[in-house]
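Throughout, a chain's letter reflects where its sequence line sits, starting with A, and its residues are numbered from 1.
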There are 2 protein chains.
Amino acid sequence: MYIWFMANSKLYKGSLVTIILKLLNESNKMYGYEITQKVKELTRGELKITEGALYPALHKLEAEGLLEVEVKKVDNRLRKYYKLTEKGNKETVSKLQELQEYIKTMQVLVNPKLSLE
Amino acid sequence: MYIWFMANSKLYKGSLVTIILKLLNESNKMYGYEITQKVKELTRGELKITEGALYPALHKLEAEGLLEVEVKKVDNRLRKYYKLTEKGNKETVSKLQELQEYIKTMQVLVNPKLSLE
DNA sequence: TTGTATGCATAAGATTATTATGTATATTTG
DNA sequence: CAAATATACATAATAATCTTATGCATACAA
């Protein structure tokens, strides 16, 4: 993993958990590397998910009971498949709401013609 | 400053500089406390700007040459009025573009029906 | 056979914020 | 009038999250 196109915006700080939860919500189960590739694909290489951020985040979500893990060996290589628990499903809904509220609030702050209804 | 309604979302991390620059871009000059009150007003108390975040951020922006400061004494109390430098104006445009791109990217990640044009 | 891709992991350091203090004056309220 | 709140600045300790760097290992392509 030598070259990365990066979004280079500090705004993504805090978004990683939301991204992980939403991707897992869409596709039943995914493994870490798959998540990095999916994000790369969806954002056309614009957004990098670094391993140093991803793996600790997955471990934390698992420890919090939001994800459960299943280890599989494919082509003689390990994969750790993650899927949402029931608690994880609820948290996903909550995180997506937070994201919508964040976007709405920021648009109000940044566009003086808008207001919070 | 005893009670604060807070947005309680980690997504705001990284947004403070964008907020400060945009507010100064709209209103010529503002002082720190005024910024906290303006944000509170615009977001109807939803978003808190803590002093421990605000003042260091203002100092940093000044050190980077994005803001210039003018100290005034009003009602026997100090106010440090900040305004954008030319460099600060350019950075404001850049930060606002970053915000729009962030929002677009996140909507793609979170809404699988959308795509980057 | 060397580099790239796949697949995991963690440690050091940077950045940004929260929380807790501290100082000081002005104004409101019981 | 005393106490609480509002105005106005500031910084230090701590927490959270990320980047960068490194490490291990297998598979595949040039």
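- Contact between the side-chain N/O atoms of A:Lys10 and the OP1/OP2 oxygens of C:dT16 is found at a separation under 4.0 Å.
- Side-chain nitrogen and oxygen atoms of A:Lys40 include none within less than 4.0 Å of the OP1 or OP2 phosphate oxygen of C:dA5.
- In this structure, B:Lys73 places its NZ atom 9 Å from P of C:dA26, rounding to the nearest Å.
- Taking for each of B:Gly52 and A:Tyr31 the nucleotide of DNA chain C with the nearest heavy atom, the 5'-most of the two is the partner of A:Tyr31.
- Comparing B:Asp75 and A:Tyr55 by the nucleotide of DNA chain C whose heavy atom lies nearest to each, the residue mapping closer to the 5' end is A:Tyr55.
- Atom-to-atom, CD of B:Glu70 to C1' of D:dA8 comes out at 16 Å; the value is rounded to the nearest Å.
- Residue B:Lys72 is classed as having no contact, given no heavy-atom separation below 4.0 Å to the nucleic acid.
- Side chain of B:Tyr33, nearest nucleotide from C:dT6, D:dA16, D:dA6: D:dA6.
- Between A:Tyr82 and A:Tyr31, the gap from one ring centroid to the other reaches at least 6.0 Å.
- Listed pair B:Asn76 / C:dA26 meets the phosphate criterion, a side-chain N or O lying under 4.0 Å from OP1 or OP2.
- From A:Leu109, atom CG reaches atom CD1 of B:Ile20 across 11.5 Å, with rounding to the nearest 0.5 Å.
- Rounded to an integer number of Å, the gap from CG of A:Leu54 to P of C:dA9 is 9 Å.
- Counting to the nearest Å, the C1' atom of D:dT11 and the CG atom of B:Leu58 are 14 Å from each other.
- Between the CZ atom of B:Arg79 and the C1' atom of D:dT7 there is a distance of 8 Å, rounded to whole Å.
- Rounded to whole Å, atom P of D:dC24 lies 15 Å from atom CD of A:Glu51.
- A straight line from NZ of B:Lys60 to P of D:dT11 spans 15 Å, rounded to a whole angstrom.
- Proximity of a side-chain donor or acceptor of B:Thr85 to a complementary backbone N or O of B:Gly65 within less than 3.5 Å is detected.
- Of the side-chain N and O atoms in B:Lys80, none sit less than 4.0 angstrom from OP1 or OP2 of D:dA8.
- Atom CD of A:Glu34 and atom CZ of A:Arg79 lie 7.0 Å apart (nearest 0.5 Å).
- Put simply, CD on A:Glu62 is 13 Å from P on C:dC8, counting in whole angstrom units.
- The side chain of A:His59 places an N or O atom within less than 4.0 Å of a non-bridging phosphate oxygen (OP1 or OP2) of C:dT10.
- For C:dT18, one of the phosphate oxygens OP1 or OP2 lies less than 4.0 angstrom from a side-chain nitrogen or oxygen of B:Thr50.
- Both A:Val69 and A:Leu84 belong to a single network of hydrophobic side chains, linked directly or stepwise wherever heavy atoms of I, L, V, M, F, W or Y lie under 4.5 Å apart.
- Dashed line: the shortest gap from a side-chain N or O of B:Arg77 to OP1 or OP2 of D:dT7 is not under 4.0 Å.
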